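Index from 1, following the sequence. Keep in mind that this is a model prediction, so the values were computed, not measured.
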Amino acid sequence: MATVHPAYAQLRTVTDIASVMLENNPGMMTLDGTNTWILQLPGNAECVVVDPGDNDEEHLQRVAGSGRVALTLITHRHFDHTGGVGRFYELTSVPVRSVDPEFLRGSGTTLIDGEVIEVAGLRLRIVATPGHTADSVSIVIENDGSVLTGDTILGRGTTVLDDSDGDLGDYLTSLRALIELGDGRTVLPGHGPELPDLQEISQQYLAHREERLDQVRAALVTLGDSAPVRDVVEHVYSDVDPKLWPVAEKSVNVQLAYLRR
């Protein structure tokens, strides 16, 4: 049997409440892999799992074995966060809640913006943060103020907006909503390492998006309003490895849709 690298086999404690199990699915879109978060108050036997990950049996078994799961939550629909939902439900038999009804299991109901979930001694507030995808949410752990951001904020780099249902206007609004949550909040992202200050990183993300939008506007002045998306990508992302241009096209498609509206 192949040896699993320790980074993917261990539950790493991040805060007094949140620990992370990194899935062994590194890649261009997933960075080091998908972060599955396990939330558990000290002394409480039950835990909440956020984003069980893809349909990776070893990973799902490790997550299911990390504690007595009371509830599973989904931050957004992408398969690297949800592909294992069905199997994880078989392993745990606990409700699964998400915005997208496709991932509901057991008695799980649709997540609602602003609702507070009280489970396993935790108080978890749902904040709708669409933009990366239409169904994206962030989750505030009211017990300590930290925030699970899914792919809305990553631990490294910036996120790609999905051009099938992502929306730049929504994303800018979501970043402003995260800024308004205040400073000093630990970021628990869907990929990459945790970050110390949600407000600061959200402000950086907002500035980056506005800068890219200005660059796309300038490109359209140079290339013409009907320029093909690849031409815009090559103009705006000339400093980026061309291997990443197909990924950049997704975000540029969303930016063009925003500007042309």
Is the number of heavy atoms from other residues, nucleotides or ligands within 6.0 Å of CG (D16) greater than 12? no
Taking the basic N atoms (NZ, or NE/NH1/NH2) and the acidic carboxylate oxygens, is any pair closer than 4.0 Å for D162 and R77? yes
pair P26-L31: side-chain heavy atoms closer than 4.5 Å: no
Validation row: S66, Q61 side chains within 4.5 angstrom (heavy atoms): no
A side-chain contact here means heavy atoms from C-beta on lying under 4.5 Å apart; do M28 and V247 qualify? yes
Cluster overlap V127 with L111, hydrophobic side-chain contacts below 4.5 Å: no
Any heavy-atom pair between the side chains of D214 and R209 that's under 4.5 Å? no
Can the positive tip of R212 be found less than 6.0 Å from the middle of the six-membered ring of Y237, inside 45° of the ring normal? yes
Y205 and its side-chain contact (heavy atoms from CB on, under 4.5 Å) partner, picked from T152, L154, L178: L154
Roughly how far, to the nearest 0.5 Å, is OG1 of T149 from CZ of R185? 13.0 Å
Single-linkage hydrophobic cluster V137~L39, side-chain heavy atoms < 4.5 angstrom: yes
Within-4.5 Å side-chain heavy-atom neighbours: R97 and L71: yes
Pair I17-L122, side-chain contact (heavy atoms from CB on, under 4.5 Å): steps then yes or no: CA-CA 9 Å; I17 292 174; L122 298 163; 3.7 Å; yes
At what distance, to the nearest 0.5 angstrom, does CD1 of I117 lie from CD1 of I126? 4.0 Å
Thinking salt bridges, do R123 and E115 make one under a 4.0 Å N-O criterion? no
Heavy-atom nearest pair, C47 first then Q40, reads CB-CB, 3.9 Å
Verify, without hydrogens or angle tests, whether H191 (side chain) and T30 (backbone) share a donor-acceptor contact under 3.5 angstrom. yes
Would you indicate whether the side-chain heavy atoms of E58 and D56 approach each other to under 4.5 Å? yes
Assess the side chains of H76 and D151: does a donor N or O sit below 3.5 Å from an acceptor N or O? yes
